[in-house]
Structure formats: structure tokens, C-alpha cells
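What you see below is based on every heavy atom in this structure, not just the backbone, and it leaves out hydrogens, waters and symmetry mates.
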Amino acid sequence: MPHQGRLLFRMAPLCMLLSMLMVSCFNFCLCHKNSEFALTNPEKREKSSTKETERKETVAEEELEPEILEVFHPTHEWQALHPGQAVAAGSHVRLNLQTGAREVKLQDEDKFQTNLKGLKKGKRLNINTNTYTSQDLKNALAKFKEGAEMENSKEDQERQAKVKRLFRPIEELKKDFEELNVVIETDMQIMMDNAQDLLSFGGLQVVINGLNSTEPLVKEYAAFVLGAAFSSNPKVQVEAIEGGALQKLLVILATEQPLTTKKKALFALCSLLRHFPYAQQQFLKLGGLQVLRSLVQEKGMEVLAVRVVTLLYDLVTEKMFAEEDAELMRDMSPEKLQQYRQVRLLPSLQEQGWCEITAHLLALPEHDAREKVLQTLGALLATCRDRFHQDTQLRGTLGTLQAEYQALAALELQEGEDEGYFRELLDSINSLLTELR
């Protein structure tokens, strides 16, 4: 008992605290009672609820009902469109970016009369006055682009002015260095100097011998170096012919080699033959056209076929222009002119079937490849005219390409390109078809 008495004595304060909390909660509930549970007249409450529901439904119907606007009848002149006015569909509406007002005029008389007939029948316009036509957006976008271009031009001018302040023109630097006996060379001059250095210390022959390596990668790098050294460098070209570079390059192209190796070998061959009629003579004597014909007809070598056709086009036009310039300008040495005349390129192309081979390459899908083939066909037309007349496949291919490029040229014309890329291709095709009729 003494133990229980002490326990009750200790719990007495706790019980008093709980009682006080319960009284406070009861008072709070009475003060903040919910109207839903309040004691009200059921009939009045039902009537009040009904009125509230009707009010909400009325508001909802008003919100969903389309806006009935005053119909504005436009004319063929621009007129301001005031708020609360609507126009018939088919009218031309624009946003005046200067005044900020919306303007309207008739766009299509037939469409406007059709809309007026609909209005007379009692149809109601449902127009959102906050929308804009596609023409409004196009006009606004055009203004935005003009502003952006002006900002870009200003930025470019500022950038150019800053560059001019920081750097001096190359001409001024050359003058200053000339006074100091220092010569500034361009990249092409440096490349030629490097080729001359390669020739002077006997390194050119070492690179040429690298074409005989059993490692394809060594052949590839050697051909790439030679191609860069041959470009516009007659002395190196002559030394390369004497060092047997032409024969070695033809061997690479005629034998089984990786595609990358053949690419570099063809690059070196093109650099060696261009503007070097003596090398072109030796190329024909060594059967170079037969090697290229086999390369073009080899499966998987389509990318090289386009480069071969480009090379043939360059050689044909180079010979033609060289002979014409020699007669008109008379500034070519007689020896070089004689070398060009000894290059029997066009007869050799006809004899070895290059008229048909070139024509069949029009089946390549790339536009760039077709462009180069068309150029070569035009250059070969005088020589291959009879062969082209007999080639029914060529005429069919030209007809198919004509239809394709007519559609593409029409799209270019719609975009505002009167003399576009596809238009030029179409003109080449039309010219060939006219010559073959």
C-alpha cells in the first residue's frame, strides 16, 4: 500500500495536465466548428446549395460559350482592326510592327464571298482575337533576322578592327624583314623548298625506293610524300621520272594493295602527270591507261573511279588549252609544245574503251561523282561521238537523270536559286542529249 500511494501521488500532476489539454481541445473545436457539421435548417441548406450549383453552372456555360464578335468587312486596302472585331476566314491579317496595331484587307475575293454567304445564313464566328496569322509570324521573324544580321555585322566589324589593332598586315612585315635581309615564305614556297632540299641531298631516291617496300604502310607514306613533292615542281618531277617513280606507282595500282595505299599512289601519279607532257607520254607507253581501266572496273574501288575520271578530264583539257594558248600567246617553249602534241591521249582513250567506261560511271549515286563524269563526257564528246550514239544505255541514263535533276532544279528555283548546283547539272545533261540527237 505505501508503494501504491507513492505511485498515485506521482501520477497526480500528469493526470491534471491531461485534463487541461482535453478541455482546451474541446474549446478549440467549438470555436472553429465546420459549417458542414453545424446545426442548420435542412431545407434552407438544400435551397442554398441548389442556388450555388446553378450559379457555378451558369459561369461555366459563359466561359465555354464562344465569343460573339462584331464582324468587320475588309476592303482591298489595309485597315486597322479594333478590339472586339472579327473578320471572315480568308482575309489577310497582319501585325504592324511600327504601330503595334492589327490590320486587315481582302486577300482572295472568292474565299471572302464564300464566308459572307456563311454569315448571311446565320453562322457565328468563333475567332480568338489573340492569335496571329502565319504571315504575321513570318514578317516578325524577318525583322528579327535583320536585327540579328545587323548585330552580327557590327560584331564582325568590331572583331576585324580589334585584329587590325593587334596584328600587322603581311605586306608590312615583309617590308620590315626585307630591310633586315629576312625572307618570309608562303606554305607553297616552303613545300617547294623542302622538295628541293629532298632532291639536293639524295633523299628523293630513298623515298622512291620506299615504294618497293613489302610493308603497305611504308608504301602509303612514301607515295604521300612523293605526291606532295611532285606538285608544281618540275625539277622534282623530272628527277622522279628518271628514278623510276612512274613504273613503281603503276605497279602498286595494278597489284593487290590496301585501298588507302592505292589512294596515295593515285595521288602521287596525278601530281606527277599534271603539267608534265613528257611524263604523260611515258605513262601511255607503259600501259597506264590499261592499269587505270582495271582499277576502275575493280569491285570496291568506286571512290578511286571518280578520281581517275577527274585525272583524265584534267589531262584532256590541259592538252587542249596548252595547244590553244601556244597558238594565241606564243609564250610556250617549242620543246614543251612539241611534247604536248606527241601525247596521243584522246586516240588512246577511244581505242581502249574509255568512251563506254566513262559513260557507264554515270550510274554512280553521288551528285559530285556524276558532275565529274558529265564534265569528262563533254570533254570526250568530239572523240567519242559515234560511240555515244550507239550506246543505248547512255541515253537511257541521261533521260533518267534529266527527270531527276529537273525536279531538284525546280526546288532550287522555289528557294530563290536561279543558277543553283542542280540547274548546272541539268544544263550539262541537256547539252549532251542535244549533241546526241
Side-chain angles (χ1 to χ4, degrees), residues 266 270 273-274 277 280-281 283-285 287-299 301-325 327 340-410 412 419-437:
L266 184 59
C270 295
L273 295 181
R274 286 191 175 98
Q280 297 173 18
Q281 293 180 39
F283 169 76
L284 296 177
K285 290 180 181 179
L289 287 179
Q290 293 93 320
V291 173
L292 295 183
R293 182 179 61 189
S294 301
L295 181 65
V296 168
Q297 296 175 339
E298 186 178 347
K299 187 176 180 181
M301 295 293 172
E302 290 79 7
V303 63
L304 297 184
V306 178
R307 300 186 184 189
V308 169
V309 169
T310 305
L311 171 63
L312 296 180
Y313 172 78
D314 291 344
L315 295 181
V316 170
T317 54
E318 177 189 320
K319 174 179 167 62
M320 178 179 64
F321 291 148
E323 293 176 351
E324 291 179 355
D325 291 344
E327 294 178 0
Y340 270 117
R341 289 175 176 172
Q342 291 176 356
V343 178
R344 298 184 67 258
L345 180 60
L346 287 173
S348 299
L349 289 172
Q350 184 184 29
E351 294 169 2
Q352 298 184 27
W354 278 98
C355 299
E356 295 80 5
I357 293 173
T358 307
H360 295 167
L361 288 176
L362 272 179
L364 293 173
E366 295 82 8
H367 299 300
D368 181 66
R370 294 172 180 174
E371 178 188 11
K372 291 179 171 58
V373 173
L374 287 170
Q375 289 177 346
T376 307
L377 289 176
L380 297 176
L381 183 60
T383 303
C384 300
R385 185 182 299 273
D386 294 337
R387 302 287 180 90
F388 290 164
H389 270 293
Q390 299 171 4
D391 194 341
T392 57
Q393 182 179 351
L394 173 60
R395 290 191 176 186
T397 303
L398 287 174
T400 303
L401 294 179
Q402 184 185 42
E404 178 182 348
Y405 287 116
Q406 281 176 345
L408 294 174
E412 284 183 331
E419 299 294 334
Y421 174 72
F422 296 119
R423 178 76 249 180
E424 294 179 359
L425 292 181
L426 180 60
D427 291 342
S428 300
I429 294 172
N430 292 336
S431 177
L432 277 174
L433 287 173
T434 301
E435 292 290 341
L436 296 180
R437 288 173 184 171

Less than 4.5 Å apart, any side-chain heavy atom of [X] and any of [Y]?
X: T358; Y: L349; result: no
X: L292; Y: L311; result: yes
X: R293; Y: L289; result: no

- Task: For the residue pair H367 and Y405, confirm or rule out a side-chain donor-acceptor distance under 3.5 Å.
- Result: yes

- Between Q280 and Y340: side-chain donor-acceptor atoms closer than 3.5 Å: no

If you measure from [atom1] on [X] to [atom2] on [Y], what distance do you get to the nearest 0.5 Å?
X: L295; Y: L304; atom1: CG; atom2: CG; answer: 5.0 Å
X: L374; Y: Y313; atom1: CG; atom2: OH; answer: 11.5 Å
X: L401; Y: N430; atom1: CG; atom2: CG; answer: 11.0 Å
X: F388; Y: L377; atom1: CZ; atom2: CG; answer: 4.5 Å
X: S431; Y: L381; atom1: OG; atom2: CG; answer: 7.5 Å
X: M301; Y: L266; atom1: CE; atom2: CG; answer: 10.5 Å

- Message: Determine whether L361 and V296 satisfy the following criterion, side-chain contact (heavy atoms from CB on, under 4.5 Å), listing intermediate values before the conclusion.
- Response: CA-CA 9 Å; L361 288 176; V296 168; 4.2 Å; yes

- Task: Please list, chain by chain and in numerical order, all residues satisfying side chain to side chain contact (heavy atoms under 4.5 Å, CB included) with T383, sequence neighbours excluded.
- Result: L346, Q350

- N-O pairing of K372 and D368 below 4.0 Å: yes

Heavy-atom closest pair, residues [X] and [Y]:
X: L436; Y: H389; result: O-CE1, 2.8 Å
X: L426; Y: A409; result: CD2-CB, 4.2 Å
X: A359; Y: L394; result: CB-CD1, 3.8 Å

- Item | Under 3.5 Å donor-acceptor, E412 side chain and F422 backbone | yes

- Output yes when a side-chain donor or acceptor of R395 lies under 3.5 Å from a complementary backbone atom of Q390, and no otherwise. no

- Item | Residue pair S428, L432: steps toward the side-chain contact (heavy atoms from CB on, under 4.5 Å) verdict | CA-CA 6 Å; S428 300; L432 277 174; 5.9 Å; no

- Report the C-alpha separation of E324 and K319 in whole Å, then their side-chain angles, then the decisive distance to 0.1 Å, and conclude whether the salt bridge (charged side-chain N to carboxylate O under 4.0 Å, His left out) test is met. CA-CA 9 Å; E324 291 179 355; K319 174 179 167 62; over 6 Å; no

- Message: If you apply the rule side-chain contact (heavy atoms from CB on, under 4.5 Å), what do you find for R274 with D314, and how did you get there?
- Response: CA-CA 8 Å; R274 286 191 175 98; D314 291 344; 2.7 Å; yes

- Evaluate the criterion side-chain contact (heavy atoms from CB on, under 4.5 Å) for residue pair D391 and H360; output intermediate values, then yes/no. CA-CA 10 Å; D391 194 341; H360 295 167; 3.6 Å; yes

- Task: Sorted by first residue and then second, give each salt bridge (Lys or Arg N to Asp or Glu O under 4.0 Å) pair with at least one member in residues 374-390; sequence neighbours left out.
- Result: E356-R387, R385-E435

